[in-house]
Colleague: 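Here you go, one structure.
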Number of protein chains: 2
Amino acid sequence: MLDLDSVTQQLSERQFKITRQRRAVLRAIAGSNSRMSPAEVYAQARRNCRDLGLATVYRTLDILVEIGAIRRMHLDDGCEGFAPASAEHGHHLICSECHATIEFEDCNMTAMLKRLESRTGFTIEKHWLELVGRCPECQGKR
Amino acid sequence: MLDLDSVTQQLSERQFKITRQRRAVLRAIAGSNSRMSPAEVYAQARRNCRDLGLATVYRTLDILVEIGAIRRMHLDDGCEGFAPASAEHGHHLICSECHATIEFEDCNMTAMLKRLESRTGFTIEKHWLELVGRCPECQGKR
DNA sequence: GTGACTGCAAATAATTTGCATTACA
DNA sequence: TGTAATGCAAATTATTTGCAGTCAC
């Protein structure tokens with residue numbers, strides 16, 4: 001879930017203006033419980049802001065990633081999905097059927113990372129983890 | 001690393017023809033120690049096969065993903081990187097500076113996945129993990 | 001021999017940019 | 001009011017497709 005007030009505040013602090021268009025994009029993302037493509041965000045946000053342009057959606061998504069309000073995700077068919085990222089260090093669990101998306105934090109990988117660092121000589125800076133499965137509602141389907 | 005002979009054999013078994021172009025693409029990927037974009041594969045493979053077309057590279061990469069010889073990766077700047085995937089269940093560790101790529105298998109997540117399944121009600125089908133860091137050679141740089 | 005494979009060019013899709021205009025703060 | 005942000009259209013980039021010719025088996 002995305003907390004509109006706190007994101008809005010963050011935008012202000014960073015000197016970004018709170019425009020009607022940005023508000024519409026935020027509401028679109030906050031109102032969805034699944035990861036969205038730029039086109040989906042556009043379609044949804046347009047309902048609240050009829051003169052929104054697709055380019056603005058791209059520009060806004062970039063800003064939201066920059067301030068950490070949403071996170072870029074990998075999708076099976078390619079890339080460029082976005083989902084809210086409320087947690088400082090969060091990952092996503094996505095339903096392969098309906099794309100419902102849940103954020104979780106306890107990935108518990110420090111021990112494994114340490115082991116890998118000493119084995120490879122790499123210094124690991126970050127990790128990227130996504131889980132794909134079936135949400136409770138979709139488990140019967142297909 | 002990519003074992004040319006075994007991939008070639010897999011291609012044959014699946015009734016794919018071993019063409020000069022496919023060989024060049026395979027050699028390009030096998031000869032690199034880092035993840036490559038389609039354009040990089042094309043540039044490299046072209047050195048061994050001057051009349052190679054970019055479309056063929058795309059078609060070949062699709063086939064290689066299909067037979068599991070390489071794996072699609074997420075890159076920070078977007079998507080569509082490819083790296084060899086020799087292990088049945090492997091993940092990648094990528095250097096953020098030079099893009100050197102190492103595959104590893106022991107991700108050790110079963111306990112965490114179980115916990116998450118019971119907490120969320122999801123059935124987790126697969127996970128996607130990538131680590132980004134600095135390889136030994138690049139640790140001084142920047 | 002023949003069907004899968006190819007290069008090329010054209011088509012499509014996705015994203016970014018330039019610029020005159022608008023609207024936050 | 002001044003400047004960042006916008007919509008639109010054009011430009012760019014990435015990927016896919018159609019098709020006549022080619023080549024692996």
Side-chain angles (χ1 to χ4, degrees), chain A residues 4-5 7-28 35-67 69-70 72-82, chain B residues 4-5 7-28 35-67 69-70 72-82:
Chain A
L4 289 187
D5 291 342
V7 176
T8 305
Q9 191 186 334
Q10 279 192 67
L11 285 171
S12 301
E13 279 166 9
R14 302 266 243 124
Q15 334 286 3
F16 291 114
K17 299 197 166 154
I18 312 300
T19 64
R20 202 162 36 86
Q21 291 84 342
R22 287 181 180 164
R23 243 194 296 265
V25 167
L26 279 174
R27 284 176 59 191
R35 109 269 130 106
M36 299 171 95
S37 67
E40 285 165 343
V41 172
Y42 176 61
Q44 186 57 38
R46 219 152 199 276
R47 292 151 160 262
N48 296 318
C49 182
R50 273 189 299 135
D51 62 338
L52 176 67
L54 183 52
T56 298
V57 172
Y58 278 100
R59 291 187 273 230
T60 304
L61 290 173
D62 282 347
I63 292 176
L64 294 178
V65 167
E66 192 186 321
I67 69 172
I70 61 176
R72 219 174 275 272
M73 316 188 56
H74 186 94
L75 311 179
D76 237 17
D77 38 325
C79 209
E80 296 307 291
F82 295 87
Chain B
L4 288 188
D5 291 342
V7 176
T8 305
Q9 192 187 331
Q10 280 192 66
L11 285 172
S12 301
E13 280 167 9
R14 303 265 242 123
Q15 334 287 3
F16 290 114
K17 299 197 166 157
I18 312 301
T19 64
R20 201 161 37 83
Q21 291 85 342
R22 287 180 179 166
R23 244 194 295 266
V25 167
L26 279 173
R27 284 176 60 191
R35 108 272 131 105
M36 299 170 96
S37 66
E40 285 166 343
V41 172
Y42 175 60
Q44 186 57 38
R46 218 151 198 277
R47 291 151 161 261
N48 295 318
C49 182
R50 274 189 300 134
D51 63 339
L52 177 67
L54 183 53
T56 298
V57 171
Y58 277 99
R59 290 187 273 232
T60 304
L61 289 172
D62 282 346
I63 292 175
L64 293 178
V65 167
E66 192 187 321
I67 68 172
I70 62 177
R72 217 175 277 274
M73 316 188 55
H74 186 95
L75 311 179
D76 237 17
D77 38 326
C79 210
E80 297 306 291
F82 294 87

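Just so it is clear, the structure is predicted and the values come from calculations on it, not from any experiment.
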Colleague: Expressed in angstrom and rounded to an integer, what is the separation of B:Leu61 atom CG from D:dA14 atom C1'?
Modeller: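 In whole Å, D:dA14 C1' lies 13 Å from B:Leu61 CG.
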
Colleague: What residues, two or more places apart in sequence or in another chain, satisfy side-chain hydrogen bond (donor to acceptor under 3.5 Å, both in side chains) together with A:Gln9?
Modeller: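 For A:Gln9 the side-chain hydrogen bond (donor to acceptor under 3.5 Å, both in side chains) partners, ignoring immediate neighbours, are A:Glu13.
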
Colleague: Which atoms of nucleotides 19-25 of chain D (N or O only) lie under 3.5 Å from a protein N or O atom, and what are those distances?
Modeller:
residue : atom : partner : partner atom : Å
D:dC25  : OP1  : B:Ile18 : N            : 3.2

Colleague: Starting at atom CG of B:Asp51, determine the distance to atom P of C:dC8, rounded to an integer number of angstrom.
Modeller: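 The distance from CG of B:Asp51 to P of C:dC8 comes to 7 Å, rounded to the nearest Å.
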
Colleague: Residues in side-chain contact (heavy atoms from CB on, under 4.5 Å) with A:Arg23, at least two apart?
Modeller: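 Partners of A:Arg23 under the side-chain contact (heavy atoms from CB on, under 4.5 Å) test: A:Ile18.
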
Colleague: Taking CG from A:Leu52 and P from D:dC8, how many angstroms apart are they, rounded to a whole number?
Modeller: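 The answer, rounded to whole Å, is 9 Å.
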
Colleague: Please give, in whole Å, the distance from C:dT16 P to A:Ile63 CD1?
Modeller: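 Value for this atom pair: 13 Å.
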
Colleague: If you measure from CG on B:Leu4 to CG on B:Leu26, what distance do you get to the nearest 0.5 Å?
Modeller: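 So the gap between those two atoms works out to 6.0 Å.
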
Colleague: Does anything in residues 39-48 of chain B reach DNA chain C, meaning a heavy atom under 4.0 Å, and if so which residues?
Modeller: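 Close to the strand, none.
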
Colleague: Determine which pairs satisfy salt bridge (Lys or Arg N to Asp or Glu O under 4.0 Å) with at least one residue from residues 36-59 of chain A, sequence neighbours left out, and list them in order.
Modeller: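 Qualifying pairs: A:Arg20-A:Asp51.
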
Colleague: Can you tell me the distance, in whole Å, between the OH atom of B:Tyr58 and the C1' atom of C:dC8?
Modeller: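 B:Tyr58 atom OH is separated from C:dC8 atom C1' by 16 Å.
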
Colleague: Hey, does A:Val41 have a side-chain heavy atom less than 4.5 Å from the side chain of A:Phe82?
Modeller: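 Answer no - side chains too far apart.
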
Colleague: Could you please spell out the steps behind the side-chain contact (heavy atoms from CB on, under 4.5 Å) verdict for A:Thr56 and A:Val25?
Modeller: CA-CA 9 Å; A:Thr56 298; A:Val25 167; 5.7 Å; no

Colleague: Main chain of A:Thr60, side chain of A:Arg22: is a donor-acceptor contact present, judged purely on distance under 3.5 Å?
Modeller: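 Flag not set: sc A:Arg22 to bb A:Thr60 has no pair under 3.5 Å.
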
Colleague: Measure CZ/B:Arg14 against P/C:dA4 and give the value in whole Å, please.
Modeller: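 Whole-Å distance recorded here is 15 Å.
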
Colleague: I need the CG-P distance between A:Leu54 and C:dT15, as an integer number of Å.
Modeller: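 Result: 9 Å.
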
Colleague: Could you tell me the separation between the CZ atom of A:Arg22 and the P atom of D:dG7, rounded to a whole number of Å?
Modeller: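 So the two atoms are 10 Å apart, to the nearest Å.
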
Colleague: Could you pull out all residues at least two apart from B:Asp62 that satisfy salt bridge (Lys or Arg N to Asp or Glu O under 4.0 Å)?
Modeller: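 Expected list: B:Arg72.
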
Colleague: To the closest 0.5 Å, what do you measure between OH (A:Tyr42) and OH (A:Tyr58)?
Modeller: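 The OH atom of A:Tyr58 is 11.0 Å from OH of A:Tyr42, to the nearest 0.5 Å.
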
